[in-house]
Amino acid sequence: MYRTALIVAGGKGLRMGSELPKQFLPIGGKPVLMHTLEAFHRFDKRMQLILVLPREQQGFWRELCEMHRFNIRHEIADGGETRFHSVKNGLALINGIGGMVGVHDGVRPFVSQEVIARCFREAAVRKAVIPVIDVVETVRHLTGSGSETVNRNDYKLVQTPQVFDVDLLRRAYEQEFTPLFTDDASVVEAMGVPVHLVEGNRENIKITTPFDLKVASALL
């Protein structure tokens with residue numbers, strides 16, 4: 001079955017406190033984003049890789065690829081005003097019809113091969129699959145008068161790649177944008193399609209702060 005990985009990298013590095021967008025920050029001697037693309041290339045060297053980047057960052061990315069002799073084949077789509085619009089632009093570059101597409105955060109370089117395989121395998125049957133991990137800390141819900149403890153077993157932390165039947169995701173992204181669309185699963189669910197959960201890996205962190213960068217260096 002034809003597979004695509006759509007890597008979304010539109011960060012500006014504001015929470016990182018850096019002028020360099022977080023997807024370009026180095027870990028292990030090369031940009032975070034290269035590690036992410038390599039993870040999907042290792043999983044399936046034949047899969048189509050689409051990188052979604054703001055247009056103003058694309059020239060710099062090409063310079064980085066030359067500098068690091070990064071030659072994994074990929075296509076580049078323009079980032080949009082929101083993540084929703086970025087994914088929609090990326091979907092337009094998918095070759096042909098049919099198959100599966102995994103949408104992944106560019107700053108999650110430590111997704112395991114097992115999780116990628118699990119997501120694509122389950123999505124081939126269930127059409128819409130996302131990886132999640134357990135909540136291990138105590139969770140409190142803010143109320144009008146204060147806060148209250150909730151049962152953490154009722155909640156999961158969501159990761160990527162979120163993997164879908166390509167035609168299903170294309171139809172989902174024909175909907176009008178709403179701020180309630182926080183990820184691809186929420187877009188698909190808005191059509192009344194159920195999203196199924198599979199086990200993620202705890203190392204699959206999203207690098208957004210200086211602390212995350214230190215953790216990433218340690219993991220690498």
Side-chain angles (χ1 to χ4, degrees), residues 6-18 21-23 25 27 32 36 79-88 102-112 114-116 118-123 125-164 168-169 171-173 175-219:
L6 203 165
I7 312 296
V8 184
K12 298 179 180 177
L14 299 179
R15 279 180 287 182
M16 190 65 73
S18 168
K22 56 194 176 184
Q23 57 265 25
L25 292 173
I27 53 172
V32 168
T36 304
E81 180 182 351
T82 68
R83 189 181 189 281
F84 175 92
H85 298 95
S86 292
V87 172
K88 190 170 185 175
V103 185
H104 189 69
D105 296 321
V107 289
R108 288 188 188 268
F110 300 116
V111 59
S112 73
E114 293 78 13
V115 167
I116 297 174
R118 188 178 301 132
C119 288
F120 274 93
R121 183 176 62 248
E122 291 297 316
V125 177
R126 297 176 176 270
K127 305 299 183 184
V129 169
I130 63 173
V132 299
I133 58 173
D134 292 336
V135 177
V136 297
E137 299 184 17
T138 299
V139 177
R140 293 190 69 83
H141 171 240
L142 301 181
T143 67
S145 58
S147 65
E148 60 185 8
T149 301
V150 296
N151 185 352
R152 65 187 174 197
N153 294 325
D154 291 337
Y155 297 88
K156 297 288 184 181
L157 300 178
V158 177
Q159 300 181 331
T160 63
Q162 300 189 359
V163 183
F164 307 90
L168 169 63
L169 196 61
R171 290 198 306 273
Y173 272 88
Q175 298 176 99
E176 290 295 324
F177 170 73
T178 165
L180 297 177
F181 291 157
T182 56
D183 65 356
D184 309 285
S186 60
V187 180
V188 168
E189 284 178 322
M191 294 199 307
V193 176
V195 172
H196 302 275
L197 310 183
V198 299
E199 184 180 358
N201 66 291
R202 192 159 293 280
E203 300 83 6
N204 187 15
I205 63 171
K206 187 175 182 180
I207 301 174
T208 57
T209 69
F211 175 76
D212 298 333
L213 201 60
K214 291 180 180 179
V215 173
S217 296
L219 286 172

Quick one: closest heavy-atom pair of Ala185 and Gln162, and the distance? N-OE1, 2.9 Å
Spacing of Tyr155 atom OH and Asp134 atom CG [to the nearest 0.5 Å]: 14.5 Å
Can you confirm whether Ile207 sits close enough to Pro109 that some side-chain heavy atom of one is under 4.5 Å from a side-chain heavy atom of the other? yes
Measuring only between side-chain heavy atoms, which start at C-beta, is Gln175 closer than 4.5 Å to Phe181? yes
Closest non-hydrogen atom pair between Gly200 and Pro131, with its separation: CA-CB, 3.9 Å
Does Gln23 reach the main-chain N or O of Ala9 with its side chain, forming a donor-acceptor pair under 3.5 Å? yes
When you compare the side chain of Lys206 with that of Asp212, does any pair of heavy atoms fall below 4.5 Å? no
To the nearest 0.5 Å, what is the distance between CG (Leu6) and CZ (Phe164)? 11.0 Å
For Val158, the option from Ile133, Ile130, Val195 that meets side chain to side chain contact (heavy atoms under 4.5 Å, CB included): Ile130
Does a side-chain heavy-atom distance below 4.5 Å link Ser186 with Asp183? yes
Pairwise side-chain contact, Glu122 with His196, heavy-atom cut-off 4.5 Å (strictly under): no
Quick one, Thr160 and Val103 - any side-chain contact, counting heavy atoms below 4.5 Å? no
Considering non-hydrogen atoms only, spot the tightest contact between His85 and Phe177 and give its length. CE1-CG, 3.9 Å
Should His104 and Val111 be marked as a side-chain contact (heavy atoms from CB on, under 4.5 Å) after you check the CA-CA gap, both sets of side-chain angles, and the distance that decides it? CA-CA 9 Å; His104 189 69; Val111 59; 3.8 Å; yes
Which pair of heavy atoms, one from Pro194 and one from Ala128, lies closest together, and at what distance? O-CB, 3.7 Å
Check whether any side-chain N or O of Arg108 sits under 3.5 Å from a backbone N or O of Asn204 as a donor-acceptor pair, and report yes or no. yes
Looking at Glu199, I want to see if its CD is surrounded by more than 12 non-hydrogen atoms of other residues, nucleotides or ligands under 6.0 Å. no
Lys/Arg N to Asp/Glu carboxylate O, Asp105 vs Arg83, below 4.0 Å: yes
To the nearest 0.5 angstrom, please state how far the CD atom of Glu81 sits from the NZ atom of Lys88. 12.5 Å
Would you please name every residue forming a side-chain contact (heavy atoms from CB on, under 4.5 Å) with Ser217, sequence neighbours left out? Ile27
Neighbour count above 12 (heavy atom, 6.0 Å) for Arg126 CZ: no
How about Tyr173 and Asp184: do any of their side-chain heavy atoms sit closer than 4.5 Å? yes
Thr143 side chain to Gly146 backbone, donor-acceptor under 3.5 Å: yes
Would you sort out whether Lys22 and Leu213 count as a side-chain contact (heavy atoms from CB on, under 4.5 Å), showing the intermediate values? CA-CA 9 Å; Lys22 56 194 176 184; Leu213 201 60; over 6 Å; no
Which atom pair, heavy atoms only, marks the closest approach of Val135 to Arg152? O-CD, 3.7 Å
Nearest non-hydrogen partners of Cys119 and Pro161, listed with the distance: SG-O, 3.7 Å
For Glu148, all residues meeting side-chain hydrogen bond (donor to acceptor under 3.5 Å, both in side chains), sequence neighbours excluded: His141
Ser112: partners by side-chain contact (heavy atoms from CB on, under 4.5 Å), with sequence neighbours left out: Glu114, Val115, Asn201
